[in-house]
Each structure stands twice: as C-alpha cells, then as structure tokens.
Amino acid sequence: MSSFIILIFTKLSKSYTDTIPFEIEKINIPDEYVILNDSVKLNITLKTHGFRWLNYYFSTPKVKIDFTNDVSKEGDVFIYNKSKAYLNNTQFDKKVELLNLSPEKLKFRYGVNLVKKVPVKLHIDVNYSPGYNTSTKMIINPDSVLIVGPDVLVSKINYLDTETKKLKDVRSDLHETVKLKLPKNASDIQFSSTQITAKATVEKFTEGTLKIPVSVINVPENIIIKFFPKVVSVSYYVSLSNFEKITAKDFEVICDYKKTNEEQSFLIPELTKVPELVKYSKINQQRVEFIITK
C-alpha cells in the first residue's frame, strides 16, 4: 500500500502538458451594454505538475476577462486578443506555464437593451366529443408578452408561438396551461411570462333549420325578374342554451344579379348575416332560378 502511495505522489510531482477548455468569466461589463451568451471558450495548453492538474480536472477552469481593461470595441463586437504572456502573468501563478491559446482572438457580440411587447399565437388542437363544441371564443391570458433583451435579438421577434397541445374527447370547459416556444437564445432575453392559459366554455350543441326569405340586389332598372324559391332552408349549429334565441330575423340571404352572366338562368344565394351565437351555418339550396319578364 505504501509503495502505491509513493508511486502516485511520484506521478503527481512530475510536469505534464495538456490542452483544456476554459470558460469565460466576464467582469466589469459597462451598464449600457448586454454581452450575448455566445458559447465562447478558450482552449489553453498548459504545462505544470500533476498536483496542479487536479484542480483543473475536478473543477471548471475559468479565465476572467475584464471588459473595462482587457477588450476593445470594434463595430458590433468586443475583441479580446491579449498575448499569452499577459494571460500567463495575470491569471496563472509561476508554477504554471501557458504554452498556447486557441483561438488567439475572442469576439463577444453585444447589444443595447430593448423592451418590446409581442402577441402570442396559440396552437391547440381540440377534438370534441360528438355533439359538443365551444360556445365562446378561446381566450388566452396573457395574449401578449413583454420581452427585454439585446436589441439585436429582441428586434427580430415579432410574436411567440405556444407549444402544440392536443386534447381528445372534450365535453367540459377548457382551462389549459400551454408553454411558450422560446427562441434558442432565450438565456439572453427576459420574458414577462413563459406560459399562457387558454379558456373557453364548452357546451352541448344541436342543429336547427329555418326558412329565410331571399332578397335579390343589383337588378338593372330596365328589367324585371321573377325568381324562385322565395325562401331557402338554412341549417345552423348552436348550443342548446342558445337554441331558443335564434330566429329567422337573425339571418339574411342575398342573391347578387351582377354575379350572373347572359347565359345563366340561376342566382347563387349567399348568407350575408349570421348571428354570433351560431357556430356553423349553411344554405341548403345552391341555386335560385330566375326568369326575365321584361
């Protein structure tokens, strides 16, 4: 056992050369700038004895870069290109010899803080149980997010998507939490919220049918037409709680004579007025026949 310990100490007392990545610790950054968290690392080749290497292998080695004294600003980046001798003298003791740096020049992108409010786009796929649907609009809260960060990043963000959420066999009110899809450089940006809630009232729905009178517009003054049928059947989908509120006066069906041609003997009915309470609606007749009597 004692011989093994002696062997270990002998090994550790010898000098070795190796290259290891050092993380960058940025200090004294001017208040008016935001340094982007680009994954900058400095590969340093060192020569020292084994005991010193243990410190580097069992903890994350770092190099301090002082943004007041060690860098220069060139365009949209800060440049660090200190010599090996400077780095060796300022951040390593005499028992460590710095042999090489890679890269020899480091570039740090920076920006000025920008505050921006962007809308949220909800992505939710809801499959309702037969006969059920939402009777209100989907409400998301918050519907927009305040973002704060470097202008070079924030200026490119015009909206934020949510993650896609899928729901099956829904027959009760929706109250879902959905996470936002944050950009890849999210660590450089602050978000007032990273998730939203989506709410909607879900009810039992039924189909109704009403007879709606047809109106013809844009008939030239020099002609008279007769058309039939005078009323058309309109089907609609509405919640049971609102079924009694729907009347024929809530709908309007129009045929536009201008949309016909000389060889055409029919008009196309269009729904131009539909109550807000109705989910879906359609005209069951696709044509209204007409003849010119004058």
Side-chain angles (χ1 to χ4, degrees), residues 4-114 147-157 160-161 163 179-191 194-195:
F4 176 75
I5 294 174
I6 294 172
L7 177 63
I8 293 298
F9 272 87
T10 302
K11 292 284 186 182
L12 291 175
S13 61
K14 292 183 179 180
S15 292
Y16 297 94
T17 300
D18 197 5
T19 301
I20 56 176
F22 279 67
E23 291 188 356
I24 305 301
E25 182 180 348
K26 301 179 282 289
I27 61 174
N28 295 327
I29 299 170
D31 292 337
E32 64 269 28
Y33 296 114
V34 179
I35 307 301
L36 305 187
N37 288 324
D38 295 334
S39 56
V40 177
K41 286 191 176 182
L42 191 59
N43 294 310
I44 302 178
T45 302
L46 300 174
K47 182 180 180 181
T48 188
H49 58 73
F51 289 104
R52 292 282 178 175
W53 280 118
L54 291 178
N55 293 330
Y56 297 126
Y57 290 147
F58 290 106
S59 62
T60 303
K62 294 181 180 180
V63 167
K64 290 183 179 180
I65 292 183
D66 189 333
F67 275 71
T68 302
N69 302 312
D70 296 342
V71 300
S72 58
K73 188 157 70 76
E74 298 180 15
D76 59 351
V77 295
F78 282 103
I79 300 295
Y80 175 87
N81 58 354
K82 295 294 185 180
S83 66
K84 289 183 292 183
Y86 174 85
L87 191 61
N88 194 76
N89 291 333
T90 57
Q91 302 203 32
F92 297 94
D93 60 38
K94 295 180 180 180
K95 294 182 179 180
V96 178
E97 183 182 359
L98 193 157
L99 300 178
N100 190 51
L101 297 176
S102 178
E104 293 184 352
K105 178 189 291 187
L106 296 178
K107 294 181 180 181
F108 300 92
R109 292 191 304 144
Y110 70 91
V112 179
N113 268 340
L114 175 67
I147 56 178
V148 182
D151 55 349
V152 293
L153 299 180
V154 172
S155 61
K156 297 178 181 179
I157 302 174
L160 288 173
D161 289 304
E163 294 181 353
K179 292 182 179 179
L180 294 177
K181 271 186 172 180
L182 301 182
K184 293 180 180 179
N185 44 26
S187 60
D188 291 308
I189 304 172
Q190 297 177 25
F191 301 86
T194 57
Q195 62 184 29

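What you see is a predicted model; the values in this text were computed from it and never measured.
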For [X] versus [Y], what's the shortest heavy-atom pair and its separation?
X: K107; Y: I79; answer: CG-CD1, 3.4 Å
X: K41; Y: L106; answer: O-CD2, 4.3 Å
X: P21; Y: P61; answer: O-CG, 3.6 Å
X: K82; Y: L101; answer: O-CD1, 4.1 Å
X: D70; Y: K64; answer: OD2-O, 4.2 Å

Can you name the residues that form a side chain to side chain contact (heavy atoms under 4.5 Å, CB included) with [X], not counting sequence neighbours?
X: K62; result: E23, E25
X: I189; result: I147, L153, V154, I157, P183, N185, F191
X: V71; result: I65, F67, F78, Y80
X: V152; result: L36, P150

Once side-chain hydrogen bond (donor to acceptor under 3.5 Å, both in side chains) is applied, do any residues pair with T19, and if so which ones, sequence neighbours excluded?
T45
Across all chains, not counting sequence neighbours, the side-chain hydrogen bond (donor to acceptor under 3.5 Å, both in side chains) partners of N43 are none
Donor-acceptor contact present, side-chain D151 to main-chain L114, <3.5 Å
no
[atom1] of [X] to [atom2] of [Y]: how many Å apart, nearest 0.5 Å?
X: I35; Y: D188; atom1: CD1; atom2: CG; value: 10.0 Å
X: K181; Y: L160; atom1: NZ; atom2: CG; value: 11.5 Å
X: L46; Y: L98; atom1: CG; atom2: CG; value: 5.5 Å
X: D18; Y: T48; atom1: CG; atom2: OG1; value: 11.5 Å

Any side-chain heavy-atom pair from [X] and [Y] closer than 4.5 angstrom?
X: T194; Y: L182; answer: yes
X: Y110; Y: I29; answer: no
X: P103; Y: L42; answer: yes

Around E163, counting heavy atoms of other residues, nucleotides and ligands shown, do more than 12 lie under 6.0 Å from its CD?
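Yes, CD of E163 has more than 12 neighbouring heavy atoms, counting only those of other groups under 6.0 Å.
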